[in-house]
Amino acid sequence: MRRPEGYRGTLSPKRATIQIAVCLAMLLCFGLLWHRALAQSTPDAPEPASAADDGTSPKAPAPPKGIPSDPVEVLWALGPFLYPLGLTSIVVVWFSIERMVVLRRGRVIPRPFVRRFFEHLEEGKLDPKSAVKLCDESGSPIAAIFANGIRKWGKSSVEVEQAIIDGGERQVSLLRTHLRVLNGASTVAPLLGLLGTVVGMIQSFNEIATKAGMGKSEALAAGIGLALLTTAVGLMIAIPALIMYMYLSGRVDALVMEMDGLAQELVDLISAEGLAEQARAGTRAAAAKPAAEPRKAV
């Protein structure tokens, strides 16, 4: 089976999104099981000896532990949600860098190739075969679009333009690859954080109800504050992901507009109407040149 033009062997955005979602779900389940196993294997701290046992005065109760501020402590405080949130952040960084590299203007629309290509066309140095070969040597997205139009060399402008549109749609879909992943990460990350907050608050209220008793507002406040860390981390991942998605989408739109203008110039040069106009212009230019004066005999 023939592969479509522009195929690079990469995963489709839909398939990549499904695989990332499955990985997030598996990591979340693994983190919950691991966190539960650690909680069951950790022995309870022994109760402090009373004053009657050792004859000394009772010590003052230790101050409640506040919300961690150290980055390492914050990561460990996330508990089982560290794994899916960590994977989401890696996905955002990876695909942001990958799209920044792929969507460079010099790679999508290389100026030296475009300038040389149109100069050779206007000077009549290219035929359909050599023009396609020049595009294949470039390998850039704009060259692939030009190659689709050149294969309709000499046809009507409608046929040439339709061939360019068909090739352009395939190239635009390749440029937009993985942008949906960034958009999905900007949605999934805060939801994971909210889920972590809800789970943490349930655990805090359960601990207050079973162990701490009533009137321990400082313990409840510390537990809720610790649970809110997951939401904060989720938003810290989602906001850059959304910004990168909007920025890269805008870059794709700008590149598409520029490629559309260049493709229209190509239609005017290689379509039947454009070739006929060039022939008429060449005839008028030749007729406008003054006739050469006859050479006088010596």
Side-chain angles (χ1 to χ4, degrees), residues 1-17 98-181 183 248-285:
M1 183 174 126
R2 186 179 177 184
R3 291 176 178 176
E5 185 175 354
Y7 179 82
R8 295 293 185 272
T10 56
L11 292 176
S12 63
K14 182 178 181 180
R15 186 175 179 183
T17 305
E98 186 263 348
R99 286 293 94 186
M100 289 284 290
V101 174
V102 170
L103 296 178
R104 287 182 297 111
R105 189 189 181 281
R107 180 190 175 278
V108 179
I109 311 176
R111 291 183 179 179
F113 163 75
V114 174
R115 183 173 59 251
R116 183 173 70 254
F117 184 82
F118 279 107
E119 286 177 356
H120 290 349
L121 276 180
E122 293 170 356
E123 295 172 0
K125 297 180 180 180
L126 290 178
D127 57 7
K129 186 176 180 180
S130 59
V132 171
K133 182 179 179 181
L134 185 62
C135 292
D136 292 339
E137 291 175 354
S138 174
S140 59
I142 188 65
I145 295 174
F146 285 171
N148 281 273
I150 291 170
R151 292 186 177 92
K152 298 293 183 179
W153 186 298
K155 303 290 184 179
S156 64
S157 59
V158 176
E159 294 184 47
V160 178
E161 188 171 355
Q162 186 60 46
I164 290 177
I165 290 174
D166 294 339
E169 289 178 353
R170 290 192 290 269
Q171 295 302 318
V172 171
S173 65
L174 290 175
L175 294 178
R176 294 188 182 277
T177 303
H178 299 150
L179 290 185
R180 188 179 301 175
V181 176
N183 189 25
L248 293 174
S249 297
R251 175 176 287 192
V252 170
D253 293 339
L255 291 172
V256 169
M257 292 180 62
E258 187 172 355
M259 289 191 295
D260 181 70
L262 295 172
Q264 189 59 48
E265 293 182 21
L266 180 64
V267 172
D268 296 337
L269 288 175
I270 67 173
S271 62
E273 296 85 348
L275 293 174
E277 181 63 26
Q278 292 176 32
R280 288 193 295 268
T283 303
R284 288 195 298 267

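Residue numbers start at 1 and run along the sequence shown. All figures in this text were calculated on a predicted structure; none of them were measured in a lab.
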[Y] and [X], any side-chain heavy atoms less than 4.5 Å apart:
X      : Y      : result
Leu134 : Arg116 : yes
Phe118 : Leu262 : yes
Ser156 : Ser271 : no
Arg105 : Arg111 : yes
Leu248 : Met100 : yes
Arg251 : Arg99  : no
Leu266 : Leu121 : yes

Looking at every heavy atom in both [X] and [Y], which two are closest together, and how far apart are they?
X      : Y      : result
Ile150 : Cys135 : CD1-SG, 3.9 Å
Leu103 : Leu255 : O-CD1, 3.8 Å
Leu179 : Ser249 : CD1-OG, 4.0 Å

Exercise for review: Report the residue from Ile142, Ile109, Val114 that forms a side chain to side chain contact (heavy atoms under 4.5 Å, CB included) with Glu258.
Suggested key: Ile109

Is it true that a side-chain atom of [X] and a backbone atom of [Y] form a donor plus acceptor pair closer than 3.5 Å?
X      : Y      : answer
Asn148 : Ala144 : yes
Arg107 : Pro141 : no
Arg176 : Ser173 : no
Glu161 : Val267 : no

Practice item. Could you tell me how the ring of Phe146 sits relative to the ring of Phe117: parallel (under 30°), tilted (30 to 60°) or perpendicular (over 60°)? Key: parallel

Review point. Between Glu169 and Ile165, does a side chain to side chain contact (heavy atoms under 4.5 Å, CB included) hold up when you go through it step by step?
Key: CA-CA 6 Å; Glu169 289 178 353; Ile165 290 174; 3.9 Å; yes

Check your understanding: Hey, are Lys133 and Asp127 close enough for a salt bridge, meaning a charged N less than 4.0 Å from a carboxylate O?
Key -> no

Exercise for review: Would you give the length of the straight line joining atom CD of Glu98 to atom OG1 of Thr177, rounded to the nearest 0.5 angstrom?
Suggested key: 8.0 Å

Point to revise | Derivation of the side chain to side chain donor-acceptor pair (under 3.5 Å) call for Gln162 and Asp166 | key: CA-CA 6 Å; Gln162 186 60 46; Asp166 294 339; 3.0 Å; yes

